[in-house]
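Here the structure comes first, spelled out in structure tokens, and everything after it is commentary.
Each chain gets a letter, A, B and so on, in the order the sequences are listed, and its residues count up from 1.
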2 protein chains.
Amino acid sequence: MINSKIPQATAKRLPIYYRYLGILYNSGKKRISSTELAEAVKVDSATIRRDFSYFGALGKRGYGYDVKSLLDFFKKTLNQDKLTNVALIGVGNLGHALLNYNFHGSNNVRISAAFDIDDRITGTIQSGVPIYPMNEMKEQLVEQQIEVVILTVPSPVAQRVTDELVTAGIRGILNFTPLRVNVQDGVRIQNVDLTNELQTLIYFLNHVDQPQASTK
Amino acid sequence: MINSKIPQATAKRLPIYYRYLGILYNSGKKRISSTELAEAVKVDSATIRRDFSYFGALGKRGYGYDVKSLLDFFKKTLNQDKLTNVALIGVGNLGHALLNYNFHGSNNVRISAAFDIDDRITGTIQSGVPIYPMNEMKEQLVEQQIEVVILTVPSPVAQRVTDELVTAGIRGILNFTPLRVNVQDGVRIQNVDLTNELQTLIYFLNHVDQPQASTK
DNA sequence: GATATGTTGTGAAATAATGCACTTTATGCT
DNA sequence: AGCATAAAGTGCATTATTTCACAACATATC
Ligand SMILES: NC(=O)c1ccc[n+]([C@@H]2O[C@H](COP(=O)([O-])OP(=O)(O)OC[C@H]3O[C@@H](n4cnc5c(N)ncnc54)[C@H](O)[C@@H]3O)[C@@H](O)[C@H]2O)c1
Ligand SMILES: NC(=O)c1ccc[n+]([C@@H]2O[C@H](COP(=O)([O-])OP(=O)(O)OC[C@H]3O[C@@H](n4cnc5c(N)ncnc54)[C@H](O)[C@@H]3O)[C@@H](O)[C@H]2O)c1
């Protein structure tokens, strides 16, 4: 629990920096300048320097940033130095894809349990992850000390399932349903709304005259 | 091509309003106030009124907004009054889930063509969508007048495939790969980075003391 | 050691987004 | 018809974010 004065916009960019630093490190690069990094991650170099500066003086003037130590720093900051277990609720179309993918690569997040109501799949193991029935959810979440879940259930049941999750002590939900679920204070929702993303893209294509590249 | 003075932040919220208005309309509701809408979509009521006001006076003082006409207005604004065909590149794990889902519901976006290199699946039809081999991509995109694609190929080939897409005249890419691809001016990229979303969520859980609810 | 070079870290300006609080105006009730 | 009420639309203050541009300083070169 360090400095919580980090702007939201900065916090959202940290994973992007982290990933690219990993790639740089693996390619054997020893140092990187904000300008070079800017090119790769499509964020203005001044923004990068400002972002980094919230965490102190991470670079050396006239030299740039040391890839290894910057990588280590962000690994710690993003809690990627220890494994975080998350659960997946709803192993359907999308849930199955996420389960299969399971954030492999240079990552320290793992789906370690999945839940569903469909008794044709509960009790089985998919991609190494056991699928439990819903009536075991609370028990398993508590036992496995899981605080973060990925929600991929049909939207009509999303609020009901969310309520159960909250009573099970969950603190964060990555919500793929289009429903804006209600939760008490202290529970964080991160919405991923794919239909929105597509509609927004189409909107910009039809309404922005001055062509602009990337977003987010 | 109307007024392009709409703030980005507002534009990103339009699909959220649109979807909720559809739900309201289907439930038979005739009118809605900004306060009531705010509750459902988790956006401050003043922000909603401001957002709407960029498009003119859409409501009636003392009454609220007429659900039907607001819905119609946003349908037009979001180009949901006509069908938009999009293509999917890379029918793997994630691509398959999206193909299967195909944005059904009250939506006017359809994946009408898919592409892959794997000759075990090219030539087949999945969820009603034909999967073409990559050497037919340019031809098909031009012929079907597709301007928007969903990119779900492995990240090592993402830049190469993107270059092909650009030469095929694509104007928008919904990019699910973690790579920040390079495109010329005039092509819009909307990045959806699921690993980022999860890492950001975990970051906030560990670093924000004052509990705050929703995001985005 | 002195000088040239490159790149950070940051003050300050510019831009963007939010939200308060008030004015205005339509509606519904008596 | 008149009055009370509700809620939109908006000026403005506040807050957040980005970007410019430069002084400060580390490193490399001679
Ligand atoms: N599939 C996509 O590509 C896609 C894209 C955008 C949004 N979404 C959203 O993601 C969510 C899931 O979509 P999907 O296509 O995977 O749906 P799906 O129907 O394929 O899968 C839903 C899964 O949830 C399970 N389930 C149903 N009720 C449950 C309950 N009460 N408790 C636990 N599990 C329950 C079902 O058994 C099923 O396995 C939906 O809200 C959808 O709108 C999906
Ligand atoms: N699956 C997920 O849940 C998930 C989550 C986050 C990010 N992603 C990202 O989405 C992308 C796709 O992930 P995935 O899990 O579906 O991968 P995948 O390997 O299952 O699917 C990739 C598909 O692309 C095809 N392909 C390979 N090279 C191609 C080429 N040159 N041209 C056209 N098609 C080609 C493959 O044949 C395969 O069908 C990756 O970049 C991944 O990082 C996936």
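- Taking atom CD1 of residue B:Ile6 and atom C1' of nucleotide C:dT15, one finds them 17 Å apart after rounding to whole Å.
- Here A:Lys29 pairs with A:Glu36 under the salt bridge (charged side-chain N to carboxylate O under 4.0 Å, His left out) rule; sequence neighbours left out.
- For A:Leu70 and C:dG9, the CG to C1' distance is 14 Å, given to the nearest whole Å.
- Between the CG atom of A:Asp66 and the P atom of C:dT7 there is a distance of 15 Å, given to the nearest Å.
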Open item on the list: Treating primed atoms plus P, OP1 and OP2 as sugar-phosphate and everything else as base, which nucleotides of nucleotides 18-27 of chain D get B, S or - for protein heavy atoms under 4.0 Å?
Closed with: SB-B-BBBBS
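- Within 4.0 Å of B:Thr35, counting heavy atoms only, lies no atom of the nucleic acid at all.
- Residue A:Leu58 contributes atom CG, which lies 10 Å from atom P of C:dT10 at whole-angstrom precision.
- Taking a 6.0 Å sphere around CD of B:Gln144, one finds it holds more than 12 heavy atoms contributed by other residues, nucleotides or ligands.
- Between B:Tyr65 and C:dA26 there is no side-chain N or O to OP1 or OP2 distance below 4.0 Å.
- Heavy atoms of other residues, nucleotides or ligands lying less than 6.0 angstrom from OH of B:Tyr25 number 12 at most.
- Side-chain contact, B:Asn196 with A:Lys12: no donor N or O sits under 3.5 Å from an acceptor N or O.
- Taking only side-chain nitrogens and oxygens, B:Ser34 never comes nearer than 4.0 Å to OP1 or OP2 of D:dA7.
- Side-chain contact check for A:Thr10 versus A:Arg13: some heavy-atom pair is nearer than 4.5 Å.
- In this structure, CZ of A:Phe52 is placed 13 Å from C1' of C:dT7, rounded to the nearest angstrom.
- Legend: ring-ring contact (aromatic ring centres under 6.0 Å, His included) pairs involving residues 29-53 of chain B, not counting sequence neighbours, sorted by first then second residue: B:Tyr17-B:Phe52, B:Phe52-B:Tyr65, B:Phe52-B:Phe74.
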